[in-house]
Amino acid sequence: MADKFVGTWKMISSENFDDYMKAIGVGFATRQVGNRTKPNLIVSLEDQGTICMKSQSTFKTTEVKFKLNEPFEETTADDRKTTTVITLDNGKLVQKQSWDGKETSIEREISDGKLIAKCIMGDVVAVRTYVKEA
């Protein structure tokens with residue numbers, strides 16, 4: 001289940017995120033802020049299998065509440081309006097966002113006690129690494 005993802009995760013590294021943001025169509029000014037922002041990721045479980053995932057930073061806080069395998073409307077941190085589905089696939093939390101005929105995915109997995117988020121758009125992959133806060 002998604003239990004292993006529950007907690008507050010602090011970003012410690014971000015690789016290739018600028019290229020990923022370019023690939024999904026994020027403008028220059030927003031990319032500059034996005035590159036400097038190191039958000040915390042807060043994952044919690046609520047009633048009836050609802051999962052809450054919050055990305056929190058001094059720049060912007062976004063939150064999605066969802067049930068696995070159920071599509072929902074999401075407004076992303078860069079203001080894209082997407083139809084999103086999150087699944088649990090081989091221990092990975094896989095978030096697929098679709099908008100304007102495009103699709104991107106974010107695969108989150110726990111490895112060596114760290115949360116690794118791979119942001120994938122076509123052949124562009126960004127890797128963001130988080131450690132659990134005490």
Side-chain angles (χ1 to χ4, degrees):
M1 193 38 207
D3 296 10
K4 64 183 179 182
F5 293 95
V6 170
T8 298
W9 300 86
K10 182 179 172 53
M11 181 184 289
I12 56 167
S13 71
S14 180
E15 301 160 30
N16 211 33
F17 196 57
D18 191 59
D19 286 342
Y20 172 75
M21 287 189 292
K22 269 187 209 162
I24 62 172
V26 177
F28 178 78
T30 303
R31 283 199 328 268
Q32 294 311 299
V33 174
N35 282 321
R36 284 196 300 274
T37 303
K38 297 237 184 281
N40 282 348
L41 180 68
I42 302 159
V43 181
S44 58
L45 297 178
E46 300 188 349
D47 296 340
Q48 284 93 39
T50 298
I51 300 170
C52 177
M53 211 162 37
K54 185 187 284 192
S55 177
Q56 198 171 47
S57 73
T58 52
F59 171 62
K60 193 166 203 172
T61 296
T62 59
E63 179 178 87
V64 291
K65 291 186 180 192
F66 60 92
K67 288 189 175 178
L68 291 174
N69 309 313
E70 292 186 12
F72 63 95
E73 300 304 308
E74 178 182 6
T75 300
T76 64
D78 59 311
D79 278 334
R80 282 173 296 127
K81 308 277 187 261
T82 67
T83 298
T84 300
V85 179
I86 300 179
T87 57
L88 198 56
D89 186 14
N90 290 324
K92 294 180 183 177
L93 215 44
V94 180
Q95 180 174 3
K96 290 197 166 147
Q97 299 171 330
S98 306
W99 77 104
D100 299 340
K102 301 176 196 162
E103 185 176 276
T104 185
S105 64
I106 303 166
E107 296 179 357
R108 295 177 178 90
E109 67 180 315
I110 307 298
S111 175
D112 294 327
K114 295 184 174 90
L115 189 152
I116 312 294
K118 286 185 184 160
C119 308
I120 304 160
M121 180 68 182
D123 57 1
V124 177
V125 180
V127 178
R128 309 187 98 195
T129 304
Y130 299 79
V131 292
K132 201 169 210 174
E133 292 201 324

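Counting from 1, the numbers follow the sequence of the chain as shown.
The main-chain N or O of Ile120 is found under 3.5 Å from a side-chain atom of Thr104 such that the two form a donor-acceptor pair. Using a distance-only test at 3.5 Å, with no hydrogens or angles considered, a donor-acceptor pair links the side chain of Asn16 to the main chain of Val125. In this structure, the side chain of Lys96 does not engage the main chain of Thr87 through any donor-acceptor pair within 3.5 Å. The backbone N or O of Ala77 sits less than 3.5 Å from a side-chain atom of Lys60, completing a donor-acceptor pair. Put simply, the side chain of Lys132 gets close to the backbone of Val6: a donor and an acceptor are under 3.5 Å apart.
Residues Val43 and Val131 do not share a hydrophobic cluster, clusters being chains of Ile/Leu/Val/Met/Phe/Trp/Tyr side chains in contact below 4.5 Å. Ile51 and Val64 fall within the same hydrophobic cluster, defined by Ile, Leu, Val, Met, Phe, Trp and Tyr side-chain heavy atoms under 4.5 Å apart, directly or through other members. Cluster annotation: Leu68 is connected to Leu45 through the hydrophobic network of ILVMFWY side chains, with a link wherever side-chain heavy atoms come within less than 4.5 Å. Linking ILVMFWY side-chain heavy atoms closer than 4.5 Å, directly or via other members, places Leu41 and Ile12 in two distinct hydrophobic clusters. In the hydrophobic clustering of ILVMFWY residues, with side-chain heavy atoms under 4.5 Å counting as a link, Phe72 and Val94 come out apart.
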Go through the steps for Met53 and Phe5 under the test side chain to side chain contact (heavy atoms under 4.5 Å, CB included), then give the verdict. CA-CA 10 Å; Met53 211 162 37; Phe5 293 95; over 6 Å; no
Side chain to side chain contact (heavy atoms under 4.5 Å, CB included), that's the test. Do Ile106 and Tyr20 meet it? Break it down for me. CA-CA 11 Å; Ile106 303 166; Tyr20 172 75; 4.2 Å; yes
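In this structure, Asn69 places its CG atom where more than 12 heavy-atom neighbours from other residues, nucleotides or ligands lie under 6.0 Å away. Surrounding NZ of Lys67 are more than 12 heavy atoms belonging to other residues, nucleotides or ligands, all under 6.0 Å away.
Checking Leu88, Asp89, Thr84 one by one against Ile86, the side-chain contact (heavy atoms from CB on, under 4.5 Å) holds for a single residue, Thr84.
The shortest distance between side-chain heavy atoms of Glu73 and Thr83 falls below 4.5 Å. Put simply, the side chain of Lys22 does not reach to within 4.5 Å of the side chain of Val124, judged on heavy atoms. By the 4.5 Å heavy-atom criterion applied to side chains, Thr62 and Thr75 are not counted as neighbours. Looking at heavy atoms from C-beta onward, Phe59 lies out of side-chain contact with Arg36 at the 4.5 angstrom threshold.
Expressed to the nearest 0.5 Å, how far NZ of Lys54 lies from NZ of Lys65 amounts to 8.0 Å. Remark: Gln97 CD to Thr76 OG1 distance equals 6.0 Å, nearest 0.5 Å. Annotation: the span from Ile24 atom CD1 to Asp19 atom CG amounts to 12.0 Å, rounded to 0.5 Å. Atoms CD and NZ, on Glu15 and Lys118 in that order, are 10.5 Å from each other to the nearest 0.5 Å. To the nearest 0.5 angstrom, Arg108 atom CZ is 10.0 Å from Arg128 atom CZ. Here OG1 of Thr50 is found 9.0 Å from CZ of Phe66. Values are rounded to the nearest 0.5 Å.
Nearest heavy atom pair, residue Pro39 against residue Ser55, reads CB-OG, 3.5 Å. The nearest pair of heavy atoms linking Thr37 to Met11 is O-SD, 4.4 Å. Across all their heavy atoms, Phe17 and Cys119 have their closest contact at CE1-SG, 4.3 Å. Considering all non-hydrogen atoms of both residues, Glu46 and Cys52 come closest at OE2-CB, 3.7 Å. Taking each heavy atom of Tyr130 and Ala117 in turn, the nearest pair found is CE1-CB, 4.2 Å.
Under the 4.0 Å criterion applied to side-chain N and carboxylate O atoms, Asp78 and Arg80 are assigned as salt-bridge partners.
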